[in-house]
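Have a look at the structure below, then the notes.
In listed order, ligands and their atoms are each counted from 1.
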Amino acid sequence: MRVLLTGGAGFIGSHLSERLIKAGHDIICMDNLITGCESNIDHLKGNPSFEFVDHDVSNYIEVDGDVDAVLHLASLASPVDYLNYPIKTLKVGSLGTHNTLGVAKAKGAKYLLASTSEVYGDPLVNPQPETYWGNVNPIGPRGVYDESKRFAEALVLAYNRSHGIDTKIARIFNTYGERMRSHDGRVVPNFIDQIIGGESLTVYGDGSQTRSFCYVSDLIDGLMLLLESNVNEPVNLGNPAETSIMEFAKAVMGIAGKESEIVFEELPVDDPKVRRPDITKAKELLGWEPKVNLDEGLARTIKWFRNKQ
Ligand code: NAD
Ligand code: UDP
């Protein structure tokens with residue numbers, strides 16, 4: 001396939017680029033590098049199957065030649081990033097999704113949206129199945145991200161229903177691994193940078209809020225299976241092993257083999273209190289479930305962060 005991959009220079013996008021090339025596909029990696037990084041894709045640049053295009057997908061997208069699949073991963077993705085760029089976040093989720101769907105329609109390509117567990121907001125149901133409609137504050141600071149992805153899902157399914165486009169929606173839960181950006185503000189790079197640098201670990205709130213962390217190779221397996229499937233409705237992709245942020249801080253110290261003080265900072269507004277995917281649908285429809293446990297994934301990620309120092 002010839003694949004248009006937006007956000008391809010980001011954390012997940014660069015891993016997906018690699019996997020798609022390995023599977024024999026040609027990639028047009030489109031990214032404006034707002035949070036992505038050329039060093040994530042430097043090793044792919046000499047490959048004849050890989051082309052990088054520096055472009056903001058919230059503006060009209062021009063692609064010459066055939067395109068068989070459009071994968072829309074471009075978005076601000078970390079809470080700190082989308083609080084810094086609220087309007088760009090709303091634009092890439094709305095205009096960017098519209099433009100990329102337009103490419104899929106014009107080229108007769110299939111389409112995959114990287115959606116998020118944030119469509120469930122601060123959930124009142126745990127774990128979250130795809131049938132849960134969520135508990136989102138549309139006008140709170142996180143609303144710019146949550147609503148942009150909820151709008152994106154609605155638009156994707158409207159293109160499926162009105163134009164017959166073969167669309168897929170991955171509701172991605174907290175994913176971590178090599179190439180996460182230091183200082184992107186998410187808990188995984190924060191704690192790893194802090195432990196390596198001998199600094200205190202910053203736990204927001206009392207650390208009782210939960211997340212479920214999925215190692216990036218597992219997520220990429222899930223995205224590839226979803227892309228190849230005939231499933232058009234949203235599918236949760238994440239690791240159901242739920243941990244409190246306090247337990248997670250201790251796990252990082254344990255795997256790093258170092259102790260650090262824990263300091264408590266204010267809990268961000270609307271920070272979800274629980275998050276855990278119900279992956280029954282992914283298991284049944286895709287035959288997918290994560291294989292890498294937190295200890296193993298954290299060990300690999302910490303090693304990568306140490307080596308890049
Ligand atoms: P990331 O910030 O590393 O990657 C996002 C990429 O999109 C970056 O390379 C950035 O430069 C690019 N981008 C942003 N706006 C753009 C625009 N207007 N035009 C072109 N490129 C643009 O984040 P990530 O963690 O790799 O996230 C990738 C996708 O997965 C995002 O859509 C995100 O919402 C989704 N997601 C990620 C997670 C996670 O835990 N990592 C969880 C849920 C959903
Ligand atoms: N968090 C924390 N310390 C940090 C960064 C984040 O305690 O240095 C918390 C944050 O409040 C949230 C959880 O860790 O409860 C996961 O945050 P992240 O930014 O990774 O993503 P989210 O799941 O909130 O989108």
Side-chain angles (χ1 to χ4, degrees), residues 5-17 29-38 40-41 53-59 61 71-83 85 88-93 95-97 99-100 112-119 122 142 145-146 148-149 152 170-177 179-181 183-194 199-214 216 219 223 236-238 243-246 248-249 252 262-275 277:
L5 171 58
T6 75
F11 158 53
I12 296 174
S14 63
H15 287 277
L16 189 55
S17 291
C29 166
M30 191 170 278
D31 201 301
N32 66 352
L33 300 175
I34 187 165
T35 60
C37 187
E38 285 199 77
N40 286 342
I41 48 166
V53 179
D54 188 340
H55 181 69
D56 181 340
V57 299
S58 298
N59 299 323
I61 300 170
L71 316 186
H72 183 35
L73 272 70
S75 176
L76 285 310
S78 143
V80 171
D81 289 333
Y82 54 75
L83 296 187
Y85 299 105
K88 287 185 191 301
T89 303
L90 282 158
K91 284 173 80 173
V92 72
L95 305 176
T97 302
N99 290 332
T100 49
L112 184 144
L113 171 72
S115 185
T116 169
S117 52
E118 282 277 331
V119 299
D122 185 4
R142 295 176 86 102
Y145 182 65
D146 302 11
S148 82
K149 293 287 188 176
R171 287 190 180 154
I172 301 170
F173 284 64
N174 295 68
T175 299
Y176 70 99
R179 301 202 196 112
M180 287 194 100
R181 198 174 93 245
H183 315 297
D184 91 350
R186 288 186 270 197
V187 70
V188 177
N190 269 13
F191 283 3
I192 294 179
D193 279 335
Q194 288 162 350
E199 295 160 28
S200 305
L201 268 55
T202 52
V203 168
Y204 301 161
D206 63 5
S208 64
Q209 71 274 28
T210 68
R211 293 296 185 273
S212 307
F213 295 100
C214 183
V216 65
L219 177 78
L223 289 174
N236 288 340
L237 293 178
T243 168
S244 73
I245 293 304
M246 200 60 179
F248 182 65
V252 170
I262 288 181
V263 295
F264 293 95
E265 294 187 0
E266 203 176 325
L267 190 68
V269 175
D270 294 335
D271 196 287
K273 286 178 268 313
V274 290
R275 181 180 293 154

Quick one: does [X] get a heavy atom under 4.0 Å from ligand 1?
X    : answer
Y176 : no
I34  : yes
S115 : yes

*Does F191 come within less than 4.0 Å of ligand 2, judged by its heavy atoms?*
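In this structure, F191 qualifies as a contact of ligand 2 - some heavy atom is under 4.0 Å.
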*Give a yes/no verdict on whether any heavy atom in E265 is under 4.0 Å from an atom of ligand 2.*
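Judged by the 4.0 Å heavy-atom criterion, E265 does not count as contacting ligand 2.
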Protein contact of [atom] - nearest heavy atom, named by residue and atom, plus distance:
atom                    : answer
atom 10 (C) of ligand 1 : T35 OG1, 3.2 Å
atom 11 (O) of ligand 2 : D271 OD2, 2.6 Å
atom 24 (O) of ligand 2 : R142 NH2, 3.0 Å
atom 16 (C) of ligand 1 : N32 OD1, 3.3 Å

*Please name all residues satisfying side-chain hydrogen bond (donor to acceptor under 3.5 Å, both in side chains) with D31, sequence neighbours left out, ordered by chain then number.*
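D31 satisfies side-chain hydrogen bond (donor to acceptor under 3.5 Å, both in side chains) with no other residue.
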_Step-by-step side-chain hydrogen bond (donor to acceptor under 3.5 Å, both in side chains) determination, R179 to S14_ = CA-CA 8 Å; R179 301 202 196 112; S14 63; 3.0 Å; yes
Which part of [X] is near ligand 2, with near meaning a heavy atom under 4.0 Å away: side chain, backbone, both or neither?
X    : answer
P268 : side chain
I245 : side chain
N174 : side chain
N190 : side chain

_S117 and R171 side chains, donor-acceptor separation under 3.5 Å_ =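 No donor-acceptor contact under 3.5 Å links the two side chains.
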*Cut-off 3.5 Å, side chains only: do Q209 and S244 have a donor facing an acceptor?*
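No pair is found: no donor N or O on one side chain lies under 3.5 Å from an acceptor on the other.
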_Single hit among F173, F248, F191 for ring-ring contact (aromatic ring centres under 6.0 Å, His included) with F213_ =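 With F213 as partner, ring-ring contact (aromatic ring centres under 6.0 Å, His included) holds for just one option, F248.
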*Could K149 and E118 be called an ion pair, given the rule that one side-chain N must be under 4.0 Å from one carboxylate O?*
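Result for this pair is no, no salt bridge flagged.
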*Test: D81 and K88 ion pair at under 4.0 Å*: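 K88 and D81: not salt-bridged.
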*How does I12 reach ligand 1, by side chain, by backbone, by both or by neither, if only non-hydrogen atoms under 4.0 Å count?*
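The answer is both, backbone and side chain.
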*Based purely on interatomic distance, does Q194 place a nitrogen or oxygen under 3.5 Å from a nitrogen or oxygen of ligand 2?*
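By distance alone, the answer is no.
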